[in-house]
Amino acid sequence: MGLQRKDLLGLEHLTRAEIELILETARPMLAVLGRPVKKYPTLRGRIMVNLFYESSTRTRTSFELAAKALSADVVNIAVATSAVVKGESLVDTARTLEALGADWIVLRHSSSGAPHLLARQVRAGVINAGDGLHEHPTQGLLDLFTLLRRKGRIEGLRVGIVGDVLHSRVARSDIWGLTRLGAQVVLIGPPTLVPPGIEKLFPGVEVSYNLREVLPSLDAVQVLRLQLERQKRGLFPSVEEYSRFYRLDSERLRDWRAKPDLVVMHPGPANLGVEISEELANSPQSAIREQVQNGVAVRMAVLYLLAGGRTEE
């Protein structure tokens, strides 16, 4: 059976079985993407609308490719040129799209909780493509899928999340997904970029301000994008100071005794040379390019399962 729900709003409220179902379904979807003709007829006649109130070429394109690979029709709404700038509310916009035949609305919004509000107001399925500082569930799922393909398991892995945890919706989705599947999570960054007391909100999560100290124990590391605009607010002394303690490169992995099979991930886009070196980002240890391709497969799986698809099909 499918997911037995019309929306994907976050990983916080998904069960382990639901997450595993999505990851299992993504495997044959990835195989389709390797064919000369990258198409399933499964969702022919269905309509998916990308409604992005924040710019994101990577995520929007990934959703579009996923829907088209399942033969769905795709509409992209450029909010800056739509009626929204004339004062139309989010709910009014979504109801208009639903009246025009939208089966799913993929929403990215700067306000935490916006997809949850929308899901209560429309019959169409709502997929959260990132809401404020809350969650980015399909990114969390593709990170799990990438790690599963690299390591063969999630249970028992020790995974570090490095950088601006405070402002990262990716980090929150990763935490929910990883802990639900039995991984240990260590949040690493300067004290000003790791929310105080976050380990109390996520049982079993550890916090460290010393990357060098914990790196040898990690099986994988998710390097978060350093949001350089935060520097103006004085949350870290300088980019150079941040890089001195938290940037990853191959030389540092060797000198700091990282495991030889450490998997390095990044949700993108990366500030090369700041939080990760270009050389490491393109090395065999890096799974960054795999994350991009896996993202299409995972989003295909989400659409398929929300439509009621069955894995045996």
Side-chain angles (χ1 to χ4, degrees), residues 1-11 13-14 18 22 25-26 29 38-132 134-139 141-142 169 173 295-310 313:
M1 297 294 290
L3 282 173
Q4 304 300 303
R5 59 174 72 221
K6 77 177 184 73
D7 311 300
L8 177 65
L9 304 177
L11 298 192
H13 300 296
L14 288 187
E18 287 176 309
I22 295 170
T25 307
M29 300 300 181
K38 302 172 177 64
K39 282 279 187 180
Y40 268 144
T42 314
L43 300 183
R44 183 179 294 140
R46 303 291 190 97
I47 299 173
M48 186 194 79
V49 177
N50 277 324
L51 182 60
F52 277 51
Y53 285 74
E54 292 181 325
S55 61
S56 175
T57 302
R58 184 183 300 243
T59 300
R60 181 187 57 77
T61 302
S62 182
F63 268 108
E64 182 172 357
L65 290 173
K68 288 182 175 178
L70 293 171
S71 301
D73 295 314
V74 179
V75 178
N76 291 305
I77 303 295
V79 170
T81 58
S82 73
V84 174
V85 298
K86 302 175 184 176
E88 183 173 272
S89 73
L90 169 62
V91 173
D92 287 340
T93 298
R95 285 175 175 166
T96 299
L97 296 173
E98 184 176 52
L100 292 172
D103 295 289
W104 297 282
I105 298 171
V106 179
L107 178 68
R108 169 162 288 195
H109 202 282
S110 60
S111 296
S112 299
H116 303 71
L117 166 68
L118 204 59
R120 293 193 295 267
Q121 300 294 325
V122 297
R123 292 185 304 276
V126 176
I127 301 174
N128 183 3
D131 63 323
H134 180 230
E135 275 213 56
H136 190 351
T138 56
Q139 179 70 48
L141 289 166
L142 75 88
R169 52 196 173 204
S173 287
V296 179
V298 163
R299 289 168 178 129
M300 288 172 68
V302 167
L303 288 168
Y304 175 73
L305 292 169
L306 287 177
R310 296 172 297 177
E313 293 174 348

- Message: Please evaluate residues Trp104 and Leu43 with respect to the criterion side chain to side chain contact (heavy atoms under 4.5 Å, CB included), reporting the C-alpha separation (whole Å), side-chain torsions for both, the decisive distance (0.1 Å), and the verdict.
- Response: CA-CA 12 Å; Trp104 297 282; Leu43 300 183; 4.0 Å; yes
Under the 3.5 angstrom rule, does the side chain of [X] hit a backbone N or O of [Y] as a donor-acceptor pair?
X	Y	answer
Ser62	Arg58	no
Arg108	Ala129	yes
Glu98	Arg123	yes
Asp131	Gly113	yes
Lys6	Val126	no
Ser71	Tyr40	yes
Lys68	Lys39	no

Could you give the distance from [atom1] ([X]) to [atom2] ([Y]), rounded to the nearest 0.5 Å?
X	Y	atom1	atom2	answer
Thr138	Leu11	OG1	CG	8.5 Å
His116	Leu107	NE2	CG	11.0 Å
His134	Ser173	NE2	OG	7.5 Å
Leu97	Asp92	CG	CG	11.0 Å
Leu305	Met300	CG	CE	11.5 Å
Thr59	Gln139	OG1	CD	6.5 Å

- Residues Arg169 and Glu54 bridged, charged N to O under 4.0 Å: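 Counted as a salt bridge, because a side-chain N and a carboxylate O are separated by less than 4.0 Å.
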Which atom names give the shortest non-hydrogen contact between [X] and [Y], and what distance separates them?
X	Y	answer
Ala301	Met29	N-CG, 4.1 Å
Asp7	Ala124	OD1-O, 3.8 Å
Gly132	Ser112	CA-OG, 3.6 Å

Is the shortest side-chain heavy-atom distance between [X] and [Y] below 4.5 Å?
X	Y	answer
Ile22	Leu14	yes
Thr93	Tyr53	yes
Leu303	Ile127	yes
Leu141	Arg299	no
Leu90	Gln121	no
Val106	Phe52	yes

- Do Glu135 and Asn128 meet the criterion of a side-chain donor-acceptor pair at a distance under 3.5 Å?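 Per modelled atom types, Glu135 and Asn128 side chains form no pair under 3.5 Å.
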- Query: So Met48 and Asp103, side chain to side chain contact (heavy atoms under 4.5 Å, CB included) or not? Walk me through it.
  - Reply: CA-CA 6 Å; Met48 186 194 79; Asp103 295 289; over 6 Å; no
